[in-house]
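Read through the structure below, which is laid out as structure tokens, and then see the notes.
Start at 1 with the first residue, then count along the sequence. Just so it is clear, the values below take in all heavy atoms, side chains as well, and ignore hydrogens, waters and symmetry mates.
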Amino acid sequence: MATTTPAQSRATTALLWLAAIAVLLAVVFGIRYLTRDETPVHVAPATFQTLSSTVPTNGKVEPVGEFQAHAPNAGVVQRIYVDVGQHVAAGARLVDMDSSDARKQLAAAESNLASAEASLADLTNGGNTEERNRFANDIAAAKADQQQAQQSLEVEQRLQARGSSSTGAVLAAQQKLDAATLTLRNAQARTSGRYSTTDRSSAQARVADAKAGIAAAKATLGAVTITSPRAGTVYSIPVNEYDYVPAGDDLVDVADLNHLQVHAYFDEPDIGKLARGQAVKITWEAKPGMVWHGHIEQPPTTVVTYQNTRNVGECIISVDDAHGDLLPNTNVTVTVTESQRFNILSIPREALRTEGSVTYVFRIVNNRLVRTPIKVGIFNLTSVEVLSGLSDKDLVVLGPAISGKDLVNGMEVKPVS
């Protein structure tokens, strides 16, 4: 039987100790591996997708080229011929206002014209019929007196030639003739020179004014019947029959509901992003799930104060696909597509972090955080374009750690999709 030497015994003991230490270390590292502290974090991959940068705001729908029938004068709505939602042709009768006042105005205007024309005729003819008859009688009497005075003068002159009449008698007869002639001239002057040029001009002006009054009265009478100048759909009737309305009140609104526009109000910082032709999405809370589309027809040209709280630019948006299902005067939400990029690398916006002027993300490599600076492009509410710093399928951390622990470079983490 072989005998173990002291040297062999010591070597064996050393090997056993080494084996025991190795086993102990393996157990310690195994326990540490199994119980290591991994911080759970939400992650998402960098992916290629289409990314749109949008600007949302509020707006109000308005028809293009609408017709609003207004009350021509204060009065009563006598009859309404149409209903809301009814399609009408150009020239269709919409509303009748009470015409009694208009007819009274026309009758008064016609009476005024007749009076003015009669006055002008009297002035032109030297007076009315009674005055002209009186003047004619006066002239006839004056002519008769003149003829008689002429004959008396001639008789006295013949008698004087035969020595049967005196010079005084002839002179007296001449004076009588002169007086009769003067009386005739005065009578004739009352007929021909009674009125001046100014009198005639004033009378003619009164006739012209009276004719204008008739034209205005006829227009007023014609205006009580209101027709539509264009084809369209009746979308509002804010009055009822027999209502009394002031002059200018809205009675019936007609428009082509296939041609609408939206007046939208964008906050001042967003105005510079808007341009003619940009695509617009339109939604209306009254019809959830429906979407209309349009484009910017006129970008803002100035900044105004809206509702005393916002500095905004007013933008006109044409609605491209309205088919009578979007009503005028409704409040809608519009979302303008400022820019759109196709097949670009992007990540969720909540992965972005900044420190000073540096933008970075926490990328996960072998379950550890790697702080990675990146450059970004366009973005919207949820995603951002990555220009450099990441590759497709790289995992990035979203927001803080689930446990709330601060994230630092090199930290060991447990990804949670």
> Relative to Tyr360, does Arg353 satisfy both conditions: NZ or CZ under 6.0 angstrom from the six-membered ring centre, and within 45 degrees of the ring's axis?
Replying inline: no
Can you tell me if [X] and [Y] form a side-chain donor-acceptor pair at under 3.5 Å?
X      : Y      : result
Glu338 : Ser53  : yes
Thr337 : Gln278 : no
Asp321 : His293 : yes

> Taking only residues at least two apart or on different chains, which pairs with a member in residues 101-116 satisfy side-chain hydrogen bond (donor to acceptor under 3.5 Å, both in side chains)?
Replying inline: Ser99-Arg103
Heavy-atom donor-acceptor pair, [X] side chain to [Y] backbone, under 3.5 Å:
X      : Y      : value
Arg230 : Gly65  : yes
Ser403 : Ala401 : no
Asn311 : Glu268 : no
Asn380 : Ser383 : yes
Glu385 : Ser346 : no
Ser391 : Asp394 : no
Ser152 : Gln148 : yes

>> Going by side-chain contact (heavy atoms from CB on, under 4.5 Å), name the residues that satisfy it together with Ala255, two or more places apart in sequence or in a different chain.
In response: Pro63, Glu66, Tyr235, Leu257
> Are Lys273 and Asp270 ion-paired here, with the side-chain N under 4.0 Å from a carboxylate O?
Replying inline: yes
> Salt bridge or not for Lys287 and Asp325, using N-O below 4.0 Å?
Replying inline: no
>> Applying ring-ring contact (aromatic ring centres under 6.0 Å, His included), can you list everything that pairs with Phe266, at least two apart in sequence or on another chain?
In response: none
> Any side-chain heavy atom of Val224 within less than 4.5 Å of one from Asp98?
Replying inline: no
